[in-house]
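Each ligand, and each atom within it, is numbered from 1 in the order the structure gives. Heavy-atom basis, side chains included; hydrogens, waters and symmetry copies ignored.
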Amino acid sequence: MPAETLRAVRGDLLCCVDDPGLSLDPARQAAALRWLPDGLLLIRGGRIAEIGPAARLLPRLGPDVPVDDHRGRMILPGFIDAHVHFPQIDVIGSYGEQLLQWLERYTFPAEQRYADPEYAALAAQDFCAQLLAEGTTTAAVYCTVHAASVDAFMAEARRRNLRMIAGKILMDRNAPPALCDTPASADRDSRDLIARWHGAGRLSYALTPRFAPTSTPEQLAVCSKIAADFPDIYIQTHVAENRQEVAWVRDLFPDARSYLDVYDRYGLLRDRAIYGHCIWLDDADRARMAASGAAAAFCPSSNLVLGSGLYDLRVPHRVALGSDVGGGTHLSMLRTLGDAYKVQQLQGISLSPAAALYLATLGSARALCLEDKIGSLEVGKEADLVVLDPHATAMLRRRGSVCAGLEDALSAFFLMMTLGEGVYGTYVLGDFIPRTG
Ligand code: GUN
Ligand code: ZN
C-alpha cells in the first residue's frame, strides 16, 4: 500500500494487548483482551492509524476513503506460525513413524527435490498462498539445505510484501549425501543469503542448523561465528522433541550437560532464537531459556502426529506457536490452537480462549521480538489482519446462536474450526486478499 493511501476496515475487532496468563484469573483475562464490536480500523500506508467505534469514526472519513464492510465478521491480528518447514507441504500426513524414522523415510527424500529452483519456486507460491488462506501473515520458515530454496521462498514472500523469517538448513552429517553441506559451504551460503535477504522489505534471515545430530562440532562453530557477527538475525533449530533423539544427542555430545546445552556452548541462545518443541527440557534448561531470551515454539499438532510428547505451557520462558508442517498436518493456526487445548487438557491445564488467542498472535510476536510491529490491533502496527467468519459453516452458525458471551463464542470457534473454513480473508499491510483454496 503506498505511503499515504487510506483505507478503513469495519467489523468486530478482537485482539490481546497483554498476556492473559494461564491462571484463568478473570480480571487478568479481561484486561488482556480488547473486543470492539462494530469497530473501525483506519489504515494509512499499510499501518493502523486509528481505531474506534465505527459509529464515531465513519462520519469523519472523507467520501473517497474506501471502507471494507466486514460487519458480523471478526477482525484479528494475522496469525503467526513460529515453526514451519515450507518444503514439507509435500510430506503432510505421512504415516506410521516417529521423528527419526519419519525424517529418513519421508522428509529427507522430499527435501531433495528442492535442489531444483523451479520446483522450489512453485512450491513457495503454493506455500505462501496456503499460509494466507489460513490467516497466517508471519512465519519462521525452514527452507532446505539448498540456498536456491531460500531464494525461492524469500522472492515469493517479498513479492507479496509479507513479514517472514527464513533460512537455509545447515547439515553436514547423518543425512543423505545429496542433502549435506560442509562447514565451509554453510558459512559462505549463510552469509550470502543474509546479505541478500536480511532486511529486504519485511524479511529477516534465520540461521538454521537443522538440529544437533545433523551438524558436526565444526559446523556448529561456524554457526557460532555467524551468530556473533550478526546479532540481529534470527536463529532457529530443534531441541528435545523426541526421546530417542535426546538419547542420540547424549551419545554425540557426551560433554554437554543437556541437549539444550549443546547449543548454549556455541552461543546460540539469545533473543530471536526460536527452539522448536522443547518437550524434554529439564528445569535448568528452562531457566537458561528464560535468562537468555530464547523462545520455544510449541507445535502441538506435530507433537501429536509424531507421538513426540506433551508440551507443558507452564514454563518461565517465551513461547510461540508453530504448525511444524509437515510433522503437523495443516497450516491452520486455529486448528493448531485446538490441538494446543487438547495437549494441555491431557496434563490438567485449561487453555482459555484468551490465552489461545494470545499464543497465536501477541504472544508469538513477543517471542519473536516483533511486538512493536505485529501481534495486536494497535495504532502504529502493521495492518496484517485476518478476517474470520463466525457463520462460515452450519455447525458454527448453530453453535454461535447459543453462545453465552465472547469467551464461549471464541472457544467454540477454536475447538470446532476445521481447515480454515472460518477464514474469510487476510490483509497484508492493508491490502485485502480474499481466501482461496
Ligand atoms: N528435527 C530435525 N528435523 C526436523 C524436522 O524436519 N521436523 C521435525 N518435526 N523435527 C525435526
Ligand atoms: Zn520442525
* Asked: For ligand 1, which atoms, with element, lie under 4.0 Å from some heavy atom of H277?
  -> 9 (N)
* Does an N or O from Q88, backbone or side chain, lie closer than 3.5 Å to an N or O of ligand 1? -> yes
* Is any N, O or S atom of C299 under 2.8 Å away from the Zn ion (ligand 2)? -> no
* Asked: Do R335 and D339 sit within salt-bridge range, that is, some charged N less than 4.0 Å from a carboxylate O?
  -> no
* Asked: Any luck finding a side-chain donor-acceptor pair between Y263 and R288 under 3.5 Å?
  -> no
* With no hydrogens and no angle check, do the side chains of D285 and S258 hold a donor and an acceptor under 3.5 Å apart? -> yes
* Between R286 and D283, does at least one N-O distance fall below 4.0 Å, as a salt bridge requires? -> yes
* Asked: Heavy atom under 4.0 Å from ligand 1: found in W102's side chain, backbone, both, or neither?
  -> side chain
* With no hydrogens and no angle check, is any side-chain donor or acceptor of D187 less than 3.5 Å from a backbone partner on P183? -> no
* **Nearest-neighbour protein heavy atom for atom 1 (N) of ligand 1, which is reported as residue plus atom name and distance** => H238 CG, 3.4 Å
* **CZ-OG distance between R105 and S94, expressed to the nearest 0.5 angstrom** => 8.0 Å
* Asked: Taking both backbone and side-chain atoms of E241, is any N or O found less than 3.5 Å from an N or O belonging to ligand 1?
  -> yes
* Asked: Taking NZ, NE, NH1 and NH2 as the nitrogens, is one of them in D181 or R188 under 4.0 Å from a carboxylate oxygen of the other?
  -> no
* Where the side chain of T237 meets the backbone of R210, is there a donor-acceptor pair that is under 3.5 Å apart? -> yes
* **Metal proximity, H277 vs the Zn ion (ligand 2), N/O/S cut-off 2.8 Å** => no
* Asked: Is T107 close to ligand 1, meaning an N/O of one under 3.5 Å from an N/O of the other?
  -> no
* Asked: Do D324 and ligand 1 have an N or O pair less than 3.5 Å apart?
  -> yes
* To do: Starting from atom 3 (N) of ligand 1, locate the nearest protein heavy atom and write down its residue, its atom name and how far away it is, to 0.1 Å.
  => R210 NE, 2.8 Å
* Would R158 and D151 pass as an ion pair if we require N to O under 4.0 Å? -> no
* Structure fact -> Which atom of D324 is nearest the Zn ion (ligand 2), counting N, O or S only? It is OD1
* Structure fact -> Row for the Zn ion (ligand 2): angle NE2 (H85) to NE2 (H83), 10° precision, value 110°
* Could you establish whether E245 and ligand 1 come within less than 4.0 Å of each other, counting only heavy atoms on the residue side? => no
